[in-house]
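Just the heavy atoms: all of them, side chains too, but no hydrogens, waters or symmetry mates, feed the values below. Keep in mind the model is a prediction, meaning the values are calculated, not measured.
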Amino acid sequence: ILILCAVMVGIVLDAAANGITRPLGIPRWIGLAVAVVAISGAIVTASVFAGPTLTEQVSGLGTEAQSGLERLRDNLTAVGLSTEGEDADIKLKEVLPAPSGLLSSATKALSSVLGVFGSAIVVAVVGIYFAASPDAYVSGLVGFAPKGKRRTLRRILSETGTVLQRWLIGKGISMLIVGLLSYAGLLILGVPMALLLAVFAGLAAFVPFLGPLAGGLAMGLVALSESWQLAVWVLGLYVIIQTVESYLLTPIVQQKTVYLLPAVVLTAQLVMGTLFGIMGVALATPITAILMTVLNETYFRAGPASAEG
C-alpha cells in the first residue's frame, strides 16, 4: 500500500516536473526541484493560514455533533416518535453513535493521522526518488521479465503510468472543485465549521461513493445542530455538488483514463477495506484502474503485441 502511495506521489511530481521542464527547456532536476518546492510551499502556506481555524473547528466538532444528535431526538419526539425507554419507536443509541463516542472516534482518528505522519514523509521521499529517474526504475523492473515479454511489459507499465497520472490529476481537480463549492455554499448558508467541513468533503471525494456519503453526513449533522431547516438546505447543497461531481467531473476523468463500473469499485472497496482498513478503501479505485489497464493491454488487446505470448 505504501509503495503504491509512493508511486502515485512520483507520478504527480513527474507530471509537474515535465510541465515545468518542457516549456522552459531547463534540466529535469531543476524542474523537479521547482515542483517539490512549489508543492511543499503550497502545503505549508495552507497550513499556516488555515491551520489555526481548522484546529479550532476540530476542537468544537464534538459539541456540534452532540447538539445535532440532541436536536434530531427533539425533532423525532415532536412528531410523536419516542426515542427513549424500552418501548421506544426509534432507539437512537442503537442507530447512531453516542456523542461521546463520536468525540472518542475523532480523537483516535487524530492519533492515527499523527502516527501516519512518519510514513507520509517516507512515502514523499521515495516518491521524489521515483520522479527523479522513472525510466531507470521501469528499465530495472522490465529487466526481470523474459526477453520475449519485455516490450509488452514496458508498454503495460507506460500505459498504466499514463492512466494513473491522468486519473490523479483529474481526481485532484475534482476534489478541489468539490471543496471550493462546499465551502462557498456552507458560508452562504451560515453553517458552522464551514472550512473544516469543506476540507473534509474535498478529501473524502477521493473515495468514490463512500467518500461523498461521509462528507454529506458530516455536513448534515453539523447543520442539524442549528436547525432542521438549515439541514434541509445543506442537503440540497449536497445534492447539487454531487450532481456536478457525478455527471460533469467524473465523466471527464473517466474519458481520459478508464471506465470503472460502480459495482466493481464498491466490491474493490469492500475487499481492500477488509484487508487493509481505511487505506485500502482509499486506494481501491486506483488499484482497480491499474488492474483494468493491465487487462485491457493483455487479455483484451488484439494485435501483434498479443502474439508475443
Side-chain angles (χ1 to χ4, degrees), residues 1-51 54 113-114 116-142 154-181 183 195 198-207 211 249-250 252-258 279 282-283 285-287 289-290 293:
I1 293 295
L2 292 180
I3 293 176
L4 177 60
C5 291
V7 169
M8 291 194 295
V9 170
I11 288 173
V12 172
L13 292 176
D14 179 63
N18 289 337
I20 297 172
T21 301
R22 290 172 181 172
L24 300 179
I26 59 178
R28 177 178 171 77
W29 69 269
I30 296 179
L32 179 60
V34 171
V36 171
V37 171
I39 294 175
S40 302
I43 294 175
V44 171
T45 301
S47 301
V48 170
F49 285 98
L54 288 174
V113 170
L114 295 176
V116 171
F117 184 72
S119 298
I121 294 178
V122 174
V123 167
V125 172
V126 175
I128 292 174
Y129 278 112
F130 281 155
S133 53
D135 292 339
Y137 292 101
V138 170
S139 298
L141 186 59
V142 169
R154 185 178 293 274
R155 187 193 70 243
I156 292 173
L157 292 175
S158 175
E159 183 62 24
T160 301
T162 300
V163 168
L164 265 183
Q165 183 182 96
R166 292 175 178 175
W167 185 85
L168 287 170
I169 294 174
K171 180 57 70 172
I173 295 174
S174 175
M175 292 167 60
L176 178 62
I177 293 175
V178 168
L180 292 176
L181 289 177
Y183 185 55
L195 180 59
V199 170
F200 178 70
L203 294 176
F206 184 82
V207 182
L249 301 178
T250 298
I252 293 176
V253 174
Q254 290 182 341
Q255 183 181 6
K256 298 295 183 180
T257 56
V258 60
M279 283 295 294
L283 297 177
T285 304
I287 290 175
I290 292 173
T293 302

*Asks:* Taking side chain as C-beta onward, heavy atoms only, is Val12 less than 4.5 Å from Met8?
*Replies:*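 When only atoms from C-beta onward are counted, Met8 and Val12 do not touch, as no gap falls below 4.5 Å.
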*Asks:* Taking side chain to side chain contact (heavy atoms under 4.5 Å, CB included) as the test, write out the residues that go with Leu176, two or more places apart.
*Replies:*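 By the side chain to side chain contact (heavy atoms under 4.5 Å, CB included) rule, Leu176 matches Leu180.
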*Asks:* Which residues pass the side chain to side chain contact (heavy atoms under 4.5 Å, CB included) test with Val44, not counting sequence neighbours?
*Replies:*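 Partners of Val44 under the side chain to side chain contact (heavy atoms under 4.5 Å, CB included) test: Val48.
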*Asks:* With side-chain hydrogen bond (donor to acceptor under 3.5 Å, both in side chains) as the rule and sequence neighbours excluded, what pairs involving residues 21-35 come up?
*Replies:*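 Found Asp14-Arg28, Asn18-Arg28.
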*Asks:* Apply side chain to side chain contact (heavy atoms under 4.5 Å, CB included) to Val123 and list each qualifying residue two or more places apart in sequence or on a separate chain.
*Replies:*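 Residues passing side chain to side chain contact (heavy atoms under 4.5 Å, CB included) with Val123: Leu2, Cys5, Ala6, Val9.
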*Asks:* Determine the minimum heavy-atom distance between Ala35 and Ala17, stating which atoms define it.
*Replies:*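 Scanning both residues completely, I find the closest heavy atoms to be CB-N, 4.2 Å.
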*Asks:* Test: salt bridge (charged side-chain N to carboxylate O under 4.0 Å, His left out). Region: residues 32-46. Which pairs qualify, not counting sequence neighbours?
*Replies:*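 Qualifying pairs: none.
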*Asks:* Among residues at least two apart in sequence or on other chains, which ones pass ring-ring contact (aromatic ring centres under 6.0 Å, His included) with Phe206?
*Replies:*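 Scan of Phe206 (ring-ring contact (aromatic ring centres under 6.0 Å, His included), adjacent residues dropped) gives Trp167.
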*Asks:* Any chance you could lay out the side-chain contact (heavy atoms from CB on, under 4.5 Å) test for Ile290 and Leu4, step after step, and finish with the verdict?
*Replies:* CA-CA 11 Å; Ile290 292 173; Leu4 177 60; 3.9 Å; yes
*Asks:* Check side chain to side chain contact (heavy atoms under 4.5 Å, CB included) between Ala132 and all other residues, then give those that pass, not counting sequence neighbours.
*Replies:*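 By the side chain to side chain contact (heavy atoms under 4.5 Å, CB included) rule, Ala132 matches Leu32.
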*Asks:* Say whether, by atom type as modelled, one donor and one acceptor occur between the side chain of Ser158 and the main chain of Arg154 under 3.5 angstrom.
*Replies:*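 Flag not set: sc Ser158 to bb Arg154 has no pair under 3.5 Å.
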*Asks:* Identify the two heavy atoms, one from Lys171 and one from Ala205, that lie closest to each other, and give their separation to 0.1 Å.
*Replies:*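 Smallest interatomic distance, heavy atoms only, reads NZ-O, 3.5 Å.
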*Asks:* Per the salt bridge (charged side-chain N to carboxylate O under 4.0 Å, His left out) rule, what does the pair list look like for residues 121-136, sequence neighbours excluded?
*Replies:*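 Every pair satisfying salt bridge (charged side-chain N to carboxylate O under 4.0 Å, His left out) with a residue in residues 121-136: there are none.
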*Asks:* Using ring-ring contact (aromatic ring centres under 6.0 Å, His included) as the criterion, list what pairs up with Tyr137, not counting sequence neighbours.
*Replies:*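 By the ring-ring contact (aromatic ring centres under 6.0 Å, His included) rule, Tyr137 matches Phe130.
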*Asks:* Check whether any side-chain heavy atom of Leu13 lies under 4.5 Å from a side-chain heavy atom of Ile39, and answer yes or no.
*Replies:*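 Yes - at least one pair of side-chain heavy atoms lies under 4.5 Å apart.
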